[in-house]
Visitor: 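One structure, pasted below without further comment.
Quick note: numbers below take in every heavy atom, side chains included, and nothing from hydrogens, waters or symmetry partners.
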Amino acid sequence: MKNILYAFLLAVMALTSCNKALETDSSRVVGEKNMWNTVEDARAGILGVYALTRAALSDNNSHWIYGDVRPGEFTSPKRQDLKAVISNNLNASYPVVESLSDWTRFYAIVNGANVFLENIAHVKATDKRYSDNNMTVDIAQARFLRAFAYFYMVRIWGDIPFIISSNEGAFENKPREKQAKVLAWVESEMLRAAADLPFIYSGNDIQQPGDYYNENGGRWGGALATKVTAYAVLSHVAAWNADYASVAKYTKFVEDNYGRSGGGFTSTTDLSNSNGFFYNKNTRQMFGFNSDYGHIDGSSTGHIEELTLAEPVITKSVPDIYLPKDSILKYFNLAKDERFSIDTLGQSKFDRYFINLNGKYPIFSKIKVIQGGGTDPNFRYFTSALIFTRLEDIVLLRAEALSVLGDQQGATDELKQVMSRRLPVDTEIKFDFSKDDIIKIIFEERHRELLGEGHRWYDLIRYNKIKQNDAKFMNLINSGGIYWPISRRLISQNSLLTQNPYWR
């Protein structure tokens, strides 16, 4: 309970501070150093930064609205705010749309990490139980999470204010920095963090020997950033920068080392089971944020199930979003695809990703972790993990990089690693390099494999930057329309901020 209280206090402190960081000065009744005295304070502090990160991504289901709703492939039957997002009307006056334009919750992560980094040495000085190694690993995690927050914001807003100090509560407004400068720092910071992160916690890793905070590996597996995590996210950073030589390098590191973090591929069945990959936490979740039903850590909101599920999975008549039948059949066009495919009579043969195909609202049911992985439709209490990246994502990202770099055979070999696991074992996968557009096939497979995991919008941006054959989308890229507008509230409070030109 004490650790939870400390994490809560840190979260409140960081949220207050980040508002002030971009608005006005703050004052505090209790000095921050008063809570940085013991090893318990250190643990609460670093876990607090993780909690802030999960909160930022799940608030108003933002991770999925940014990544899966905005592309316009899902349809919303009734929610006008989601219809506005789908139609790219991001200046619409709906509370959810306005909230999604506000970066305050992400600067809470940044400030939480800044406060941690500025005060953690005080714990080392006052509590001899806090070892040099423990502090090194904690600092690496804080650096990584802060850099991740900046990367996430750049993909949403482009140029953003850059703050790497809490300034002890005396904050000033900041203008937006060019995203190229921010991303260069992000890559450097993540590499710096990766050097000190272990492959595994409480598993006799040379960089983190012994039990991390006196708990065994079962407590930490899939919950904390590892060295593999850092290189996986670095792969995404490099891809966003169109630096495909670095993508190939970083993804190769992940492929060569994922086993050292307990990672691996996920079967199609496990991917869609209510108590499978997205249930609780596991080491195959390369970077994500779990909800543990056993710790009463779930909710009716902040999970993709809130948007996608309805009858017959839960007692809700209409889903907030659904993929129309024609779109499902268009995207899932592999005859033997065990994620979803139909027979010659048009009936579902494999319905792990979708059910109720011929109903008014086909239900996207790939992720459906209700309570503790149960199936009772009367409880809308969800505990699925929010996953930013997993091995299949990285393998397909490597295929993308190799294809752009001209190694079509290497790209095909990577692509087959994922496709072969989604088709019957005796299925032969062939490509004709003289006819087939390998990069197009790679992105089609990313669409199928990662649907509902928040990747699609960013994939479309990268794909169109590579192909440059969709005039409408290229105009959106070149005009800055791929980014979100900045909250009107933030602009009114900070005279140094300027609106993204597309949304003026």
Side-chain angles (χ1 to χ4, degrees), residues 1-19 21 32 35-36 38-64 99 102-120 123 134 137-153 166 193 197 201 212-213 215 219-226 229 233 278 280-281 285-304 369 381-389 454:
M1 181 60 71
K2 182 180 178 182
N3 287 341
I4 294 173
L5 177 60
Y6 275 129
F8 173 76
L9 289 173
L10 178 67
V12 171
M13 187 165 56
L15 282 166
T16 303
S17 300
C18 82
N19 272 316
E32 287 168 355
M35 70 162 284
W36 299 99
T38 69
V39 68
E40 289 79 14
D41 297 337
R43 172 183 165 131
I46 192 61
L47 293 184
V49 182
Y50 279 99
L52 288 166
T53 308
R54 185 178 75 171
L57 269 60
S58 60
D59 182 57
N60 282 304
N61 297 306
S62 59
H63 180 68
W64 300 283
S99 174
D102 190 330
W103 55 41
T104 301
R105 64 195 186 282
F106 289 97
Y107 280 101
I109 306 167
V110 170
N111 196 71
N114 287 341
V115 169
F116 181 90
L117 292 167
E118 290 165 9
N119 289 281
I120 194 61
V123 174
N134 202 159
V137 170
D138 285 352
I139 287 173
Q141 291 175 82
R143 289 187 182 280
F144 169 77
L145 291 170
R146 181 176 61 174
F148 173 74
Y150 273 116
F151 170 56
Y152 205 99
M153 284 192 285
S166 71
L197 287 170
Y201 293 81
Y212 183 63
Y213 285 111
E215 298 205 52
R219 169 65 179 86
W220 306 117
L224 303 178
T226 67
T229 299
V233 178
F278 290 97
N280 204 346
K281 63 181 183 291
Q285 297 170 354
M286 198 167 284
F287 183 45
F289 303 90
N290 70 287
S291 293
D292 190 336
Y293 179 68
H295 293 165
I296 318 177
D297 183 17
S299 67
S300 60
T301 188
H303 297 263
I304 190 173
V369 185
Y381 183 83
F382 309 119
T383 56
S384 58
L386 187 161
I387 305 301
F388 181 81
T389 186

Visitor: Rounded to the nearest 0.5 Å, what separation is found between the CG atom of Asp41 and the OG1 atom of Thr38?
Guide: 3.5 Å

Visitor: Taking all non-hydrogen atoms of both residues, which atom of Ala385 and which atom of Gln285 are closest, and how far apart?
Guide: CB-NE2, 3.7 Å

Visitor: Glu118 side chain to Ser166 main-chain N or O, any donor-acceptor pair under 3.5 Å?
Guide: yes

Visitor: Between Phe388 and His63, how do the two ring planes meet: parallel, tilted or perpendicular, split at 30° and 60°?
Guide: tilted

Visitor: With rounding to the nearest 0.5 angstrom, report the CZ to CG distance, Arg143 to Asp138.
Guide: 12.5 Å

Visitor: What distance separates Thr104 OG1 from Asn111 CG, expressed to the nearest 0.5 Å?
Guide: 11.5 Å

Visitor: Does Tyr201 form a side chain to side chain contact (heavy atoms under 4.5 Å, CB included) with Val137? I'd like the steps, not just the answer.
Guide: CA-CA 10 Å; Tyr201 293 81; Val137 170; 3.6 Å; yes

Visitor: Drop me the distance from Leu52's CG to Phe106's CZ, to the nearest 0.5 angstrom.
Guide: 11.5 Å

Visitor: Between Thr226 and Leu197, what is the shortest heavy-atom contact and its length?
Guide: O-CD1, 3.5 Å

Visitor: Can you label the angle between the Phe287 ring and the Phe144 ring as parallel, tilted or perpendicular, going by 30° and 60°?
Guide: perpendicular

Visitor: Less than 4.5 Å apart, side chain to side chain, heavy atoms only: is that true for Leu117 and Arg146?
Guide: yes

Visitor: Taking all heavy atoms of Ser291 and all of Arg54, pick out the closest pair and write down the distance.
Guide: OG-NH1, 3.6 Å

Visitor: Ignoring hydrogens and geometry, is there a side-chain-to-backbone donor-acceptor pair from Asn290 to Ser384 under 3.5 Å?
Guide: no

Visitor: Measure the shortest side-chain to side-chain distance between Asn114 and Val49 over non-hydrogen atoms and say whether it is less than 4.5 angstrom.
Guide: no

Visitor: Between Arg105 and Ser62, what is the shortest heavy-atom contact and its length?
Guide: NH2-CB, 3.4 Å

Visitor: Are any non-hydrogen side-chain atoms of Tyr152 and Leu57 less than 4.5 angstrom apart?
Guide: yes

Visitor: Say you draw a straight line from OH of Tyr212 to CZ of Arg43; how long is it, rounded to the nearest 0.5 Å?
Guide: 8.5 Å

Visitor: Suppose we screen for side chain to side chain donor-acceptor pair (under 3.5 Å). Which residues come up paired with Ser58, at least two apart in sequence or across chains?
Guide: none

Visitor: Quick one: closest heavy-atom pair of Val110 and Ala149, and the distance?
Guide: CG2-CB, 4.1 Å

Visitor: Look only at the side chain of Tyr50 and the backbone of Ala225, and say whether a donor-acceptor pair between them is shorter than 3.5 Å.
Guide: yes

Visitor: I need the Phe382 CZ to Ile304 CD1 distance, nearest 0.5 Å.
Guide: 11.0 Å

Visitor: If you take all heavy atoms of Ile46 and Phe116, which pair is closest and at what distance?
Guide: N-CE1, 3.6 Å

Visitor: Do we see a donor-acceptor contact under 3.5 Å between the side chains of Tyr107 and Asp102?
Guide: no

